[in-house]
A.B. asks: 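Below are the structure tokens for one structure; questions will follow.
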Amino acid sequence: MTDYHALIRQRLNEKRRVHSENTAAEAEKLAKRYGCDEQKAYTAGLLHDIAKCLSQDEASALAAKYGVAIDEYAQNNPELIHGPLGAAIVQNELKIRDEEILDAIRYHTTGRRGMSLMEKIIYLADVIEPTNVFEGVEDIRRMAYEDLDGAIVLSAINTLDFVLKRRLVIHPDTVDAYNDIMIIKRRNLIGTKV
Ligand SMILES: [Fe+2]
Ligand SMILES: [Fe+2]
């Protein structure tokens, strides 16, 4: 089996490598909790930020090479490209063809409507891994092991709050992820800090 740990040591800086290893471990735990494939979750967690430490020029060149569209949202917020580009790198360079893993990497920053269990797990593991510290993270951490969808909503609120306060562009997939779950879950969330 390919040593993905060695690979991320080559391609990521120290901080991002530690974050990726922690995300992998958290994803494995969440997968166990919710009956998802633990090994796939670990792999997706380890590789989810593989495109995060590229320069903007490198990212643009690789996006062109692999046919990753840089939409108007990503043009206005370069942070958004590393999910889709990471999936393309994993597919083309590591020859990982598993769509569950690829989609989990592709949508880990924005979420989207109709997220799979694996996508939700990677999205949340990325947010709640132990080195990630921000106001409200403890609520999301706790919720993640009690109510996966509730935790996605809390996290989407946090992301939208962050984006709005900084006058950044909102990716519609994040709004979709929020609405998709909120329409079903709203009643259950009344009485929480939401
Ligand atoms: Fe990321
Ligand atoms: Fe990450």
Side-chain angles (χ1 to χ4, degrees), residues 4-5 7-31 36 40-56 58-60 62-63 66 68-71 73-91 93-94 96 100-112 115-116 118-138 140-141 144 148 151-152 154-163 166 168-174 176-178:
Y4 296 130
H5 285 274
L7 184 86
I8 64 164
R9 265 197 298 277
Q10 288 166 13
R11 299 185 78 139
L12 301 179
N13 63 32
E14 172 74 5
K15 183 172 175 235
R16 190 59 46 186
R17 176 186 65 76
V18 170
H19 162 69
S20 298
E21 289 173 351
N22 285 338
T23 300
E26 194 76 50
E28 189 178 36
K29 270 167 59 183
L30 283 167
C36 193
K40 276 198 214 178
Y42 188 91
T43 300
L46 199 58
L47 297 174
H48 79 286
D49 271 345
I50 194 80
K52 185 81 174 185
C53 292
L54 298 170
S55 70
Q56 209 152 326
E58 288 170 327
S60 298
L62 280 176
Y66 296 135
V68 178
I70 302 182
D71 62 22
Y73 307 104
Q75 278 168 20
N76 279 283
N77 183 355
E79 155 78 8
L80 292 173
I81 195 65
H82 82 278
L85 184 56
I89 290 170
V90 163
Q91 185 174 14
E93 297 181 21
L94 309 185
I96 291 178
E100 262 193 305
I101 292 177
L102 296 176
D103 280 341
I105 294 171
R106 189 171 289 125
Y107 296 106
H108 83 266
T109 311
T110 55
R112 63 165 170 166
M115 291 169 82
S116 70
M118 185 68 74
E119 287 172 45
K120 290 175 182 176
I121 283 171
I122 300 306
Y123 177 94
L124 275 176
D126 183 29
V127 170
I128 67 169
E129 65 89 357
T131 58
N132 213 354
V133 179
F134 58 88
E135 200 186 330
V137 71
E138 284 307 329
I140 303 173
R141 260 189 202 118
L148 195 69
I152 297 275
L154 281 183
S155 183
I157 290 169
N158 178 73
T159 301
L160 291 168
D161 197 41
F162 178 94
V163 167
R166 285 161 184 76
L168 298 170
V169 168
I170 299 171
H171 199 288
D173 281 347
T174 303
D176 282 346
Y178 171 87

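No experiment lies behind these values; they were computed from the predicted model shown. Order of listing sets the numbers, starting from 1, for every ligand and every atom in it. Throughout, numbering of the chain's residues begins at 1 and tracks the sequence.
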A.B. asks: Could you measure the distance from the CG atom of Leu12 to the OG atom of Ser20? Nearest 0.5 Å is fine.
C.D. replies: 5.0 Å

A.B. asks: When you compare the side chain of Asn158 with that of Leu154, does any pair of heavy atoms fall below 4.5 Å?
C.D. replies: no

A.B. asks: May I ask you to determine how many protein N/O/S atoms are under 2.8 Å from the Fe ion (ligand 1)?
C.D. replies: 3

A.B. asks: When you measure from the side chain of Arg141 to the backbone N and O of Glu129, does any donor-acceptor pair fall under 3.5 Å?
C.D. replies: yes

A.B. asks: Under a 4.5 Å cut-off applied to non-hydrogen side-chain atoms, are Val169 and Leu80 in contact?
C.D. replies: no

A.B. asks: Which value, rounded to the nearest 0.5 Å, describes the distance between Glu93 atom CD and Leu62 atom CG?
C.D. replies: 6.5 Å

A.B. asks: Do Arg11 and Ile89 have side chains that approach each other closer than 4.5 Å (heavy atoms only, starting at C-beta)?
C.D. replies: yes

